[in-house]
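Notes follow the structure.
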Amino acid sequence: MKADRLVATLLLLQARGRVTVREVAQELEVSERTARRDLEALTTAGVPVYSQRGRGGGWSLVGGARTDLTGFTSREIGALFLAAGPLSASPELRAALRKLMRAVPAPMRPHAEAAAKAILIDGVDWSRTAGGGGPHQHTLERAVLDGEQVRLGYAPPVRAPGERTVHPLGLVSKAGRWYLVAGTEEGLRTFRLGRVTSATRTGEPVRRPENFDLAAAWRELAAEVEQRLTAATVRARADRDALPVLRQLLGGRLRTGEAQIDGRVEFTADGPSVEVLAAQLAGLGSRVEVLDPPEARESLVRLGRSLTAVYGGRGEEARLDSHFPLGTYYTEDVSVPVMAANHG
């Protein structure tokens, strides 16, 4: 767009002091004819730009005049480039950072450049599970900004993949994972971008709820998920050396009490269901004893019997061995079946 080019040209003049038409054309990737028209347009608009012919000539701001298009402090510039640096895969963001870099006063540029390169985001965790927004994030970002419906392909964890038309309303990053908040025939839903298999813009306008507020909508949706994730509670006791693994496994869903006479620690834990909690705790063997509710103990008995049926046929006593290495026998994503109900 011409307005974008004019701003970029002005910032280039400000950064370099004097430029030639050829330099402007090369920097902005336009023809020399277009670059000359843009420089003349700045003059017509009242910007103090003048040209000097001859050797060493070019276009300059009168008297070295400057226009402050940022107003940023050094700390603000650093914070902005720290935040934007790891996300600069987007062509639009790279272009914006280049323009901002030209607007930054010269003494601040080394600090801004260092900030832009100071953080790296690795989107694959140690279990080799890819995080981030996936290959369709850019398409969905544009659909949100342009207010355009999308034909969305989605692969839930416990149902067959499918397609549906959705109304993109916003994108949310939660703990390194990106979610699309969209209107559907069933109401507002969230879709994890890592599970999106295709995203095709339809050209039809989004139907946006009246007075829609993304932050408020996300709080409501997240509260529903949180309620499902903490629908069941178990009471148990554990050896002290099992507590670090329990904290890693359960996070804020773990509440510990005082140590007992035998050195064990009583605790309560929340989860999406008694069965899921029992399966999580079973991996710690006899280091954890579930006390309540009875359904959790019965689930562990069933689990033990099923393991015995698989591993007990070799004449060995099959049991949940108390010498299993701590932290090996649990899954990080046990809440997936419950989350699926709220993710389209």
Side-chain angles (χ1 to χ4, degrees), residues 124-131 156-159 174-177 192 194 222-343:
V124 179
D125 66 20
W126 295 117
S127 65
R128 299 198 175 277
T129 301
V158 294
R159 296 200 304 273
K174 182 175 178 62
R177 287 185 173 138
R192 200 160 106 187
E224 293 177 6
V225 173
E226 187 67 28
Q227 187 175 7
R228 290 189 173 97
L229 290 176
T230 58
T233 301
V234 299
R235 183 171 65 90
R237 54 185 169 217
D239 293 347
R240 279 184 175 274
D241 64 357
L243 290 179
V245 177
L246 287 169
R247 292 191 182 101
Q248 181 182 2
L249 175 65
L250 300 167
R253 297 182 289 128
L254 174 71
R255 297 177 298 279
T256 57
E258 298 294 331
Q260 307 297 306
I261 296 176
D262 61 0
R264 305 189 102 194
V265 177
E266 190 166 309
F267 69 89
T268 58
D270 300 324
S273 69
V274 166
E275 291 76 14
V276 167
L277 282 166
Q280 287 181 294
L281 298 175
L284 283 83
S286 62
R287 289 181 172 87
V288 171
E289 179 187 1
V290 173
L291 304 174
D292 288 309
E295 295 84 358
R297 295 176 64 89
E298 293 166 5
S299 181
L300 284 167
V301 170
R302 290 193 298 271
L303 180 58
R305 286 173 178 164
S306 68
L307 291 174
T308 300
V310 173
Y311 300 107
R314 293 173 296 178
E316 302 174 359
E317 181 183 357
R319 63 190 180 89
L320 296 178
D321 198 305
S322 63
H323 298 292
F324 284 174
L326 285 177
T328 302
Y329 302 94
Y330 69 87
T331 173
E332 183 179 313
D333 204 12
V334 294
S335 63
V336 161
V338 176
M339 293 285 282
N342 205 47
H343 285 270

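This structure is a prediction, so every number in the text was calculated from the model and none was measured.
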Does L254 form a side-chain contact (heavy atoms from CB on, under 4.5 Å) with L249? I'd like the steps, not just the answer.
CA-CA 9 Å; L254 174 71; L249 175 65; over 6 Å; no
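Closest approach of R297 to L291, counting heavy atoms only: CD-O, 3.5 Å. Shortest non-hydrogen contact noted between A278 and S299 is CB-OG, 3.7 Å. Contact detail for Q260 and E258: the closest heavy-atom pair is NE2-O, 3.2 Å. Heavy atoms only, all atoms of each residue included: L277 and G271 are closest at CD1-N, 3.5 Å. Listed here is the closest heavy atom pair of T233 and P293: O-CD, 3.5 Å. Between V276 and P272, the closest heavy-atom pair is CG1-CG, 3.8 Å.
Taking the side chain as every heavy atom from C-beta outward, V225 and K174 never approach each other to under 4.5 Å. Side chains of L284 and L246 form a contact here, defined as non-hydrogen atoms less than 4.5 Å apart.
Remark: the backbone N or O of R287 is not paired with any side-chain donor or acceptor of E289 at under 3.5 angstrom. Using modelled atom types, one side-chain atom of T308 and one backbone atom of G304 make a donor-acceptor pair closer than 3.5 Å. With D262 contributing its side chain and R264 its backbone, the two residues share a donor-acceptor pair below 3.5 Å. The closest donor-acceptor contact from the side chain of R237 to the backbone of A259 lies at 3.5 Å or more, if one exists at all.
The CD atom of E298 sits 10.5 Å away from the CG atom of L300 when rounded to the nearest 0.5 Å. Taken to the nearest 0.5 Å, the OG1 atom of T256 stands 11.5 Å off from the CG atom of L250.
Among pairs with a residue in residues 270-279, those fulfilling salt bridge (charged side-chain N to carboxylate O under 4.0 Å, His left out) read R255-D270, at least two apart in sequence or across chains.
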